[in-house]
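In what follows, a structure is listed as structure tokens, so that the remarks can point back to it.
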Amino acid sequence: MTTKTWALPDGVQMRVLETKDVTELCEAYNRNREHLAPWEPVRADEFYTDVGHAVSIATKLSRFASGVDFPCVLVAGERVVGTITLSDIVRGAFLNAHVGYWVDKDFTGRGIGSAAVGVALDVARTELGLHRIQAATLSHNVPSQAVLEHAGFEKIGFAPKYLKIAGSWQDHTLFQRILF
């Protein structure tokens, strides 16, 4: 596993998720539970425990080892303050992945999400050899759309009732960024 880190604004670092992140990641999700609730699927109570995160991290690291995900954490010191993941990496003629991210409520509005997306795009192009990255945001999630547009993504469509978020099927705006 890579030990490379990337510098983001305000002393935040981005690095690949590690097994040792269980407690810090669990604490980050608990600290941000209300902040993230409108933007994520409803999660079982077990998700907010160290055991739940140990299972989640093991799954993500297995997918990383098989080349289908590139999961990263955003850290300030030892504190996890967000995540960004390139997921569902497809090789062959497509060379595509999805990007998803979130930033701690105490770190929003500082350019950290935009910087993390920029790093993920660079990794996707230079290290993973991907051609295209796609993203979907809730249609009313203007801040996340601004992050994507700042990173050069273009709107490519509208998907009604695309994902079950916050307990209901919600409309999403679709974006893509062509890397080469």
Is [X] linked to [Y] within one hydrophobic cluster, defined over Ile, Leu, Val, Met, Phe, Trp and Tyr using a side-chain heavy-atom separation of less than 4.5 Å?
X: V119; Y: I84; result: yes
X: V16; Y: V123; result: yes
X: L138; Y: L163; result: yes
X: V99; Y: F180; result: yes
X: V147; Y: W6; result: yes

Using the rule given for side chain to side chain contact (heavy atoms under 4.5 Å, CB included), can you reason through I178 versus H131, listing the C-alpha separation, both sets of side-chain angles and the distance that settles it, and then say yes or no? CA-CA 6 Å; I178 304 299; H131 168 70; 3.5 Å; yes
E46 meets the salt bridge (charged side-chain N to carboxylate O under 4.0 Å, His left out) criterion, sequence neighbours left out, with none
Test of understanding: with side-chain hydrogen bond (donor to acceptor under 3.5 Å, both in side chains), list the residues that count as partners of D104, not counting sequence neighbours.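 With neighbours one apart ignored, the set is R31, N32.
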For S62 and A58, indicate whether the former's side chain and the latter's backbone hold a donor-acceptor pair under 3.5 Å. no
Are the side chain of T126 and the backbone N or O of D122 linked by a donor-acceptor pair below 3.5 Å?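 Yes; at least one donor-acceptor contact below 3.5 Å.
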Hey, does [Y] have a side-chain heavy atom less than 4.5 Å from the side chain of [X]?
X: C72; Y: Y101; result: no
X: E34; Y: K105; result: no
X: F107; Y: V12; result: yes
X: V75; Y: M14; result: no
X: F153; Y: L121; result: yes
X: R63; Y: D88; result: yes
X: F64; Y: I89; result: no
X: D171; Y: K161; result: yes

Does the pair R79/D106 count as a salt bridge with the N-to-O cut at 4.0 Å? yes
Lys/Arg N to Asp/Glu carboxylate O, R33 vs D45, below 4.0 Å: yes
If you look at every heavy atom in [X] and [Y], which pair is closest and at what distance?
X: C26; Y: D50; result: CB-OD1, 3.4 Å
X: S139; Y: T173; result: OG-OG1, 3.3 Å
X: I112; Y: P9; result: CG1-O, 3.9 Å
X: L130; Y: L179; result: O-CD1, 3.4 Å
X: L148; Y: A135; result: CD1-CB, 3.7 Å
X: D69; Y: S87; result: OD1-CA, 3.1 Å

Please lay out, stage by stage, how I165 and H172 fare under the test side chain to side chain contact (heavy atoms under 4.5 Å, CB included). CA-CA 10 Å; I165 301 295; H172 281 66; 3.9 Å; yes
Decide if atom NE2 of H150 counts as having more than 12 heavy atoms of other residues, nucleotides or ligands within a radius under 6.0 Å.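 Result for NE2/H150: open.
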For the atom pair [atom1] ([X]) and [atom2] ([Y]), what is the distance rounded to the nearest 0.5 Å?
X: D21; Y: E27; atom1: CG; atom2: CD; value: 11.5 Å
X: L61; Y: L17; atom1: CG; atom2: CG; value: 5.0 Å
X: E24; Y: E18; atom1: CD; atom2: CD; value: 12.5 Å
X: L74; Y: R15; atom1: CG; atom2: CZ; value: 10.0 Å
X: N96; Y: Q176; atom1: CG; atom2: CD; value: 8.5 Å
X: F175; Y: Q134; atom1: CZ; atom2: CD; value: 12.5 Å

For H53 and Y48: C-alpha separation, side-chain torsions, deciding distance, then whether ring-ring contact (aromatic ring centres under 6.0 Å, His included) applies. CA-CA 7 Å; H53 276 287; Y48 296 96; 7.3 Å; no
Go through the structure and list residues passing ring-ring contact (aromatic ring centres under 6.0 Å, His included) with H35, not counting sequence neighbours. none
The test is side chain to side chain contact (heavy atoms under 4.5 Å, CB included); show your working for I133 and V117 and say whether it passes. CA-CA 10 Å; I133 304 298; V117 169; over 6 Å; no
Please assess W39 against W102 for the test side chain to side chain contact (heavy atoms under 4.5 Å, CB included), listing each intermediate value before the final yes or no. CA-CA 9 Å; W39 316 112; W102 66 269; over 6 Å; no
